[in-house]
Amino acid sequence: MNKKNHTVPSGKPSLHVLGRLLGYMLRFWPLTLAGIGLSLASNYLALLGPQYLGEAIDAISSKSGVMMDVVWDNFRKMLVCYLLSAILAYLMTVAMVNLSQRITYRMRKQLFERLTALPVSYFDTHTTGDTVSRISYDIDTVNASLSTDLIQVLTSIYTVCGSLYYMFRISRPLLLVFAVTVPISVAFTRMKAKKIRPLFRKRSKKLGELNGFSEEMLSGAKAIGAYHRAKTVTEKFDEQNKQAVDAYYEAEYYGAVIGPSVNFINNLSLSLIMILGGILYLFSETGQVAAGSVWFLSLGGVTQFVMYSRKFSGPINEFANIISEFQSAFTAAERIFRIIDEPPEEADRAGAKELTHVSGEVVLSDVSFGYLPGKTVLHDLSLTAKPGRTVAIVGPTGAGKTTIINLLMRFYDVDSGEISVDGTEIRDITRKSLRGAYTMVLQDTWLFYGTIFENITYGRKDATREEVIAAAKAARIHSFIERLPDGYDTLLSDDGVNISKGQKQLITIARAMLPHTRMLILDEATSNVDSRTEIKIQEAMSELMVGRTCFVIAHRLSTIRNADVILVVKDGNVIEQGNHDQLFQKGGFYASLYNSQFS
């Protein structure tokens with residue numbers, strides 16, 4: 001993968017994000033249609049209620065005993081409509097909860113699959129806490145809007161249009177009130193939404209930074225205690241926590257202005273409607289306005305219009321009240337889509353072949369590389385690792401030792417020069433087969449939640465119990481495992497925190513002994529064990545390394561004395577090359593490193 005990171009635009013329009021969210025809903029179209037259909041039916045029945053109520057009021061105002069049958073008939077119809085509307089609304093809620101859970105599952109699945117397909121360079125430049133925040137908090141935020149707000153807004157359009165239709169039939173003059181108040185509400189909402197959107201983006205960013213800092217500090221809790229840095233860490237956390245809280249408050253504060261303001265405008269319009277409606281009713285009642293005239297309005301008509309006006313303004317009020325939630329959901333969706341849109345690790349070249357029947361000859365020819373443009377880490381590096389030979393790479397911190405491993409595994413691609421395995425340039429080899437040809441033991445041990453047996457067989461699932469025991473014996477960890485209550489079936493907690501670092505390292509070494517690979521990478525593989533265990537591990541590793549091409553990164557120079565070739569790397573250049581005796585007798589940089597450890 002090329003080291004240059006793909007930049008995803010950060011300011012995607014709301015309509016684009018909404019369109020993508022609707023795409024998820026359409027994927028589960030039966031539930032979506034069910035939710036919309038139930039909502040429309042519920043709203044339709046709710047719209048019939050005021051009509052029956054108005055007719056009942058007009059019947060009462062007629063002062064005719066015969067009309068009481070009409071009153072009770074309309075009352076029963078209204079009651080049935082509202083009851084059925086409530087039942088359908090409940091069923092709609094159930095359908096939307098199911099829909100949102102399926103969308104959340106798919107979105108989280110897509111997000112995690114993309115994370116596993118991203119190149120190493122992405123994780124080198126993004127904190128774990130921020131990434132976890134997107135998987136959990138951001139997706140939950142989107143889920144909350146999908147399950148309640150989005151479908152409510154979509155179906156509220158029907159309520160607004162239906163209410164408008166009935167109000168038009170009842171009294172067109174009264175609609176003039178909405179001709180003034182609705183544009184004011186829409187203009188105000190759009191203006192405020194545009195201003196608060198960056199505030200919600202900032203809120204999500206600060207929360208991600210806080211999660212990243214928390215994850216980093218919690219993983220280093222022992223070091224913090226050992227160096228008495230709890231106060232300093234707490235102060236830094238308080239600072240980041242304050243920034244996150246301030247960003248949260250700022251977004252919510254300015255977002256909260258929209259709801260009450262729109263409610264005020266709508267309440268004002270309702271008051272004007274009741275005043276004007278009352279005037280029209282009085283004119284109609286006194287005969288100043290003839291029946292059938294556009295200005296005629298009965299008492300039941302006033303009641304109907306007021307109720308429909310509330311249904312008309314209700315969705316507008318609701319939308320204004322949830323606009324901040326939408327902004328939060330859209331911001332969260334942007335952060336999710338930004339990862340999903342990240343380009344995965346570059347595809348293999350056309351015609352790239354599988355690496356089979358590996359002998360293990362690795363050649364680096366004039367390799368230059370830098371993680372950032374203009375900052376070269378390796379300069380014209382050349383070396384040849386013959387099959388079955390051991391190449392040790394030593395040098396000060398930051399010299400480029402781990403970078404060589406990154407290039408061998410194609411976590412990054414060289415800027416110039418080439419690397420070949422068995423005579424084939426590695427960019428002409430599929431990444432899967434290239435990486436499968438290596439076994440790695442890293443300084444940073446990684447164990448997952450599972451049994452010791454499952455952890456050892458991680459690199460080779462078909463390994464038998466006998467093979468696992470043999471690997472554990474070779475790694476000098478078998479006797480410890482046997483002393484555990486459940487032996488190889490002992491469950492390790494998160495990252496193996498219930499065992500020592502040395503034991504974790506030994507389990508990872510046992511894991512490396514199972515795959516039948518021809519090339520081996522050891523990156524400070526014995527850094528977490530004591531000197532006595534290190535001697536035993538070296539004996540076991542000598543057996544493991546027989547017949548394999550091995551690349552060993554070591555700070556303890558005693559562990560690489562028997563290497564066939566030792567590369568001394570400094571400032572990205574190989575300044576010395578040879579075996580231990582040759583380099584020691586030379587009296588150069590390697591000799592000074594060796595003497596500094598054993599003086």
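- Atom NZ of K375 is surrounded by 12 or fewer heavy atoms from other residues, nucleotides or ligands within 6.0 Å.
- Side-chain contact of Q582 with Y590: a donor-acceptor pair under 3.5 Å is absent, judged by distance alone.
- When side chains are defined from C-beta on, N455 counts as touching R511, because their heavy atoms get closer than 4.5 Å.
- Side-chain contact of T424 with K353: a donor-acceptor pair under 3.5 Å is present, judged by distance alone.
- The main-chain N or O of E342 is found under 3.5 Å from a side-chain atom of R114 such that the two form a donor-acceptor pair.
- Remark: T390 OG1 to I560 CD1 distance equals 10.5 Å, nearest 0.5 Å.
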Handout entry: Test side chain to side chain donor-acceptor pair (under 3.5 Å) applied to S359 and D422, step by step
Key = CA-CA 7 Å; S359 63; D422 293 347; 2.7 Å; yes

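- Counting all heavy atoms, side chain and backbone alike, A563 lies closest to I566 at CB-CG1, 4.1 Å.
- In this structure, I340 and L111 have side chains that are in contact, with non-hydrogen atoms separated by less than 4.5 Å.
- Remark: the Y371 side chain and the T403 side chain contain an N/O donor-acceptor pair separated by less than 3.5 Å.
- Of the possible polar contacts, one joining the K401 side chain to the G395 backbone as a donor-acceptor pair under 3.5 Å is found.
- At least one side-chain heavy atom of T131 sits less than 4.5 Å from a side-chain heavy atom of L115.
- Looking only at side-chain heavy atoms (C-beta outward), D246 and E250 stay at 4.5 Å or farther from each other.
- For the pair R20 and F337, the distance from NZ or CZ to the six-membered ring centre is under 6.0 Å and the angle to the ring normal is within 45 degrees.
- By the 6.0 Å contact criterion, CZ on R108 is enclosed, its count of non-hydrogen atoms from other residues, nucleotides or ligands being greater than 12.
- Looking at S368 and D415, their side chains never bring a donor and an acceptor atom within 3.5 Å of each other.
- Distance check: L484 CG to E482 CD gives 9.0 Å after rounding to the nearest 0.5 Å.
- A distance of 8.5 Å separates CD of E454 from CG of D489, quoted to the nearest 0.5 Å.
- Aromatic ring pairs are classed by plane angle as parallel below 30°, tilted from 30° to 60° and perpendicular above 60°; the pair F448 and Y458 is tilted.
- Smallest separation of non-hydrogen atoms from K504 and L447: CG-CD1, 3.7 Å.
- Pairing each heavy atom of A510 with each of I477, the nearest pair is CB-CG2, 4.4 Å.
- Residues passing the side chain to side chain contact (heavy atoms under 4.5 Å, CB included) test with K586, sequence neighbours excluded: E576.
- Nearest heavy atom pair, residue L118 against residue P343, reads CD2-O, 3.6 Å.
- A heavy-atom distance below 4.5 Å is found between the side chains of M409 and M440.
- Taking CG of L567 as the start and CG of L583 as the end, the distance is 9.0 Å to the nearest 0.5 Å.
- At a threshold of 4.5 Å between non-hydrogen side-chain atoms, the residues Y24 and Q110 count as touching.
- Annotation: Y105, atom OH; neighbour count of heavy atoms from other residues, nucleotides and ligands within 6.0 Å does not exceed 12.
- Under the 3.5 Å distance criterion, the side-chain polar atoms of R548 are matched with a main-chain donor or acceptor of T517.
- Nearest heavy-atom pair across I426 and R410 is CD1-CG, 3.4 Å.
- Taken to the nearest 0.5 Å, the CD1 atom of I452 stands 9.5 Å off from the CG atom of D486.
- Side chains of P119 and F411 form no contact here, defined as non-hydrogen atoms less than 4.5 Å apart.
- In terms of modelled atom types and a separation under 3.5 Å, the side chain of R349 and the main chain of D428 share no donor-acceptor contact.
- Two residues are said to be in side-chain contact when any heavy atoms from C-beta on lie closer than 4.5 Å; N579 and V565 fail this criterion.
- Scanning both residues, F551 and A385, for their nearest heavy atoms gives CZ-CB, 3.8 Å.
- Looking at S382 and S365, their side chains never bring a donor and an acceptor atom within 3.5 Å of each other.
- Note that NE2 of H379 and CZ of F369 are 12.0 Å apart. Values are rounded to the nearest 0.5 Å.
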